[in-house]
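Note sheet for the following structure.
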There are 2 protein chains.
Amino acid sequence: MPNAEALAALRLPGFLPYRLATLSNRISRTIARLYSERFDLSIPEWRCMAILGETPDISATEVAERGALDKVAVSRAIARLRAKGRVERHIAPDDRRRSVLALSAAGEKIYREIVPLALAYEEALLKRLSDEERATLDRILRRLESMDLEKLVE
Amino acid sequence: MPNAEALAALRLPGFLPYRLATLSNRISRTIARLYSERFDLSIPEWRCMAILGETPDISATEVAERGALDKVAVSRAIARLRAKGRVERHIAPDDRRRSVLALSAAGEKIYREIVPLALAYEEALLKRLSDEERATLDRILRRLESMDLEKLVE
DNA sequence: GGCAATCAGTTTCATTTGAAACTAATATAA
DNA sequence: TTATATTAGTTTCAAATGAAACTGATTGCC
């Protein structure tokens, strides 16, 4: 009598982690294409610019924290942005290990071009949802974001 | 009078594409760690196994379609799974280009171990949501999934 | 039949990513 | 002070990924 216990079915298309991963990858890819074609900007570069555009004069470590990037990714992104003249770096006077990063004038200019595009993209996504659905989505995401996923795995 | 037009603010933490990407990456990383530590299985390998576990005897192209993977990723994942003896491949009698893939007995065994873990993980995520929130999340995801993202970018 | 176009799957090569080691500066503490 | 540990950021090296070229099989069309 093989397989007496029925195995609960796992259908990938309905599996939440799979759905989130594929949806978010599709969104990220289209956005990445938009940014890279028009502005020669990778996703980590764009994240760094977005953070520095809103909060200038912070260190690489702070950029990493705010942008959910690791410090290696930030180091590389900032190096490229500096090479393109979009970010300027100074040394913190009180701690010469720390850098003080900010968009250059050229970086600012690009930032101001991208922000409306990014917001329009988001609005196009949200347009399909009712106000109530948007509120629920926000609440759900906040709840999932606040979970300690590492401890979820036993 | 510089900057007469106020720039609409873009706060990354509230930006939907950013939220989806970081949340889904965190979930994927914890799951990947779970699978790889216990079962020596990467995400693409796990996806292939999940698909073949539910729908055996399909071709690599079908695996790719169902698993939202490109054919290169499937080719590599299947090669590794075959090397580990978890997947068996035959040649389709009617078309000798096409392969017919299925889990081996060893693959089946692992599959049956993983499915309950995966479902438990999902359940732990969903446990925090009310029935109504779950239904709304499902509806929202379906709506976003059905969007033609490529055309969203003008 | 025979020849071009298409399709399934693989391989190659360049780029990206991630983990760990590393450098330089600062903090801690004997 | 002077060792020791910690922190900020970079570099290195191996593995993962993606795009394009490739191989072998099939189809469509003359």
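We name chains A, B, ... by the order of the sequence lines, and we start the count at 1 in each one. As the structure is a computational prediction, the values presented were derived from the model and not from experiment.
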Apply salt bridge (charged side-chain N to carboxylate O under 4.0 Å, His left out) to residues A:Arg112 and A:Glu108 and explain how you reach the verdict.
CA-CA 6 Å; A:Arg112 282 161 194 259; A:Glu108 273 280 346; 3.2 Å; yes
Salt bridge (charged side-chain N to carboxylate O under 4.0 Å, His left out) between B:Arg143 and A:Glu133: does it pass, once the steps are laid out?
CA-CA 11 Å; B:Arg143 213 163 295 158; A:Glu133 285 172 331; 2.8 Å; yes
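Judged by distance alone, the side chain of B:Thr136 and the main-chain N or O of B:Glu132 form a donor-acceptor pair under 3.5 Å.
If you measure from atom CZ of A:Arg82 to atom P of D:dG9, you get 12 Å, rounded to the nearest angstrom. Rounded to a whole Å, the CG atom of A:Asn25 is 14 Å from the C1' atom of D:dA16. In this structure, A:Lys71 places its NZ atom 9 Å from C1' of D:dT10, rounding to the nearest Å. Nucleotide C:dT10 holds its P atom 8 Å from the CG atom of B:Leu101, rounded to whole Å. If you take CD of B:Glu65 and C1' of C:dC7, they are 12 Å apart, rounded to a whole angstrom. B:Arg29 places its CZ atom 13 Å from the P atom of C:dT17, with the value rounded to the nearest Å. One atom, CG of B:Asp70, and another, C1' of D:dA16, lie 12 Å apart when rounded to the nearest Å. Summarising the geometry, the separation between CZ on A:Arg33 and C1' on D:dG18 is reported as 14 Å, rounded to the nearest angstrom.
Using a 4.0 Å heavy-atom distance criterion, B:Arg89 is classed as a sugar-phosphate-only contact. A:Ser99 comes within 4.0 angstrom of the backbone, heavy atoms only, and of no base.
Between A:Asp94 and A:Arg76, the one whose closest nucleotide on DNA chain C sits nearer the 5' end is A:Arg76. Toward the 5' end of DNA chain D, the nearer of the two residues B:Arg80 and A:Ser59, judged by each one's closest nucleotide, is A:Ser59.
Interface remark: the A:Arg97 side chain does not form any donor-acceptor pair with the C:dT26 base, using a distance-only criterion of under 3.5 Å. Donor-acceptor pairing under 3.5 Å, judged by distance alone, is absent between the side chain of B:Arg96 and the base of C:dG9.
Closest of all the heavy-atom pairs between B:Ala118 and A:Phe15 is O-CE1, 3.3 Å. When all heavy atoms of B:Arg86 and B:Asp40 are compared, the pair lying nearest together is NH1-O, 3.3 Å.
Taking every side-chain heavy atom of B:Pro44 into account, D:dT17 is the closest of D:dA8, D:dT17, C:dT17. Counting only heavy atoms from C-beta on, A:Ser75 has its side chain closest to D:dT10 among C:dA25, D:dT10, D:dG9.
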